Every structure is written in structure tokens, then in C-alpha cells.
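Here the structure comes first, spelled out in C-alpha cells, and everything after it is commentary.
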Amino acid sequence: MYYLKTSASFDSAHFLHGYNGKCANIHGHRWTVEVMINGESLQESGEKRGMLIDFSDLKKAVKQLADDFDHALIYETGSLKQSTVEALNDEKFRLIEVNFRPTAENFAHYFYDILFGQGFTVKSVTVYETPDNCAIYEV
């Protein structure tokens, strides 16, 4: 079995609606998304001979995911009053609404699904909230 792994990072803020603790407040992270793909055989011909896939394709896809969330406030649907969303939008803040609680666990699953849907043979996705704390999703 062959494995390729790459990572990308983004900075964003989030909060955990309904949580009883500090993370109920808006706070930021330097999130790192680490993706591992796998395959049993390498390409046998053409310019990609000897490769599982072209590393640049995987790096580009993971970087795009990270860039999509960079420097934004990520919030769960229904967790902010509509008037709050409107006020933040009026101030030109970058908001990203997601239909899940924005935890590292849920992000790992979310990124897995996107990359799998793009045709990558994803083995696992690891999302670090801090250098010492991460969540891993794999099937």
C-alpha cells in the first residue's frame, strides 16, 4: 500500500453554541488540515509513471479547502441571531455558515467528504486546532 500525505493551514474564528465553557466565546485557531490518501499501485505509464497521483493535485485541493476558510468567522446555522449576522455583514466581516458544529471532529469529516467527492482515495483527514490537539476522521 502506498500513502501520500500533505497539509495546509488556515486562520479563523469560531465558537461552540450551547457549550458550557470558554469555547462558547468567539476565539481563533491556526487550523491545520492534514490529508492522507492511499492506493495499492502506482501509475505505470505516461508522465505520472511511478506516482500514486501527482502530488501537486492533492496539494492544490487541500490548499483550496484551507484558503476557503481562511480569515473568517465560522458559525453553525442557527447559532447567531439574524440581526447579528446582518450587522457583521454590514461591517464587511467574512462569515462562513456551516450546517454542523464547527469542531475539529466535524471539520475532519467535512474535509474528508469533500476530497472523497473530488475523487481522491482518502485514507484519513486530521484537523489540528492547536499544535497539540487534533481530531482524525477515517473510514
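Computed from a predicted structure; not experimentally measured.
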* Sorted by first residue and then second, give each salt bridge (Lys or Arg N to Asp or Glu O under 4.0 Å) pair with at least one member in residues 36-58; sequence neighbours left out. => K48-D57
* Asked: Between CG of L4 and NZ of K123, what distance do you get to the nearest 0.5 Å?
  -> 14.0 Å
* Would you confirm whether S79, through its side chain, and H17, through its main-chain N or O, come within 3.5 Å as a donor-acceptor pair? => no
* Asked: Same cluster for F100 and V85 if Ile/Leu/Val/Met/Phe/Trp/Tyr side chains link at under 4.5 Å?
  -> no
* To do: With the side chain counted from C-beta on, respond yes when V127 and F111 share a heavy-atom pair under 4.5 Å apart, and no when they do not.
  => yes
* Identify the two heavy atoms, one from A66 and one from F10, that lie closest to each other, and give their separation to 0.1 Å. => O-CB, 3.3 Å
* Asked: Do N89 and E86 touch side chain to side chain, with heavy atoms closer than 4.5 Å?
  -> no
* **From CG (N99) to OH (Y110), nearest 0.5 Å** => 8.0 Å
* Asked: How about I37 and T6: do any of their side-chain heavy atoms sit closer than 4.5 Å?
  -> no
* Asked: Is it true that W31 and F107 have ring centroids separated by less than 6.0 Å?
  -> yes
Kindly list each side-chain donor-acceptor pair under 3.5 angstrom involving residues 130-139, sequence neighbours excluded, with atom names and distances?
unit_1, atom_1, unit_2, atom_2, d
T130, OG1, D132, N, 3.3
T130, OG1, N133, N, 3.1
T130, OG1, N133, ND2, 2.9
Y137, OH, H109, NE2, 3.4

* Asked: Any chance the side chains of T32 and S7 put a donor and an acceptor closer than 3.5 Å?
  -> no
* Min side-chain heavy-atom separation I96-F69 under 4.5 Å -> yes
* Pairing residues for D67 by the salt bridge (Lys or Arg N to Asp or Glu O under 4.0 Å) criterion, not counting sequence neighbours -> K63
* Would you kindly confirm whether Y128 and V62 end up in one hydrophobic cluster when ILVMFWY residues are joined by side chain heavy atoms under 4.5 Å apart? => no
* Qualifying salt bridge (Lys or Arg N to Asp or Glu O under 4.0 Å) pairs with a residue from residues 92-111, counting only residues at least two apart or across chains -> none
* With sequence neighbours left out, what residues match H27 under ring pair (Phe, Tyr, Trp, His ring centres under 6.0 Å)? -> H14, H29
* **Y19 with I26, same ILVMFWY side-chain cluster at under 4.5 Å** => no
* Can you name the nearest heavy-atom pair linking A61 to L115, along with the distance? -> CB-CD2, 3.9 Å
* Asked: Side chains of T77 and V98: closer than 4.5 Å at any heavy-atom pair?
  -> no
* Enclosure of N20 CG (heavy-atom neighbours >12, cutoff 6.0 Å) -> no
* To do: Tell me whether V33 is reachable from F55 by hopping between hydrophobic residues (I, L, V, M, F, W, Y) whose side-chain heavy atoms are closer than 4.5 Å.
  => yes
* **Interatomic distance, S12 atom OG to L73 atom CG [nearest 0.5 angstrom]** => 8.5 Å
* **Rounded distance (nearest 0.5 Å) linking atom CD1 of I74 with atom CG of L95** => 10.5 Å
* Asked: Any idea which heavy atoms bring Q43 and L52 closest together, and the distance?
  -> NE2-O, 3.3 Å
* Would you please indicate if the ring centroids of Y75 and F15 are separated by under 6.0 Å? => no
* For the atom pair CD1 (I53) and OG (S56), what is the distance rounded to the nearest 0.5 Å? -> 8.5 Å
* Is Y112 reachable from M36 through a run of I, L, V, M, F, W or Y residues, each pair having side-chain heavy atoms under 4.5 Å apart? -> no
* Structure fact -> Residues at least two apart in sequence or cross-chain that pass ring pair (Phe, Tyr, Trp, His ring centres under 6.0 Å) with Y3, listed by chain then number, are none
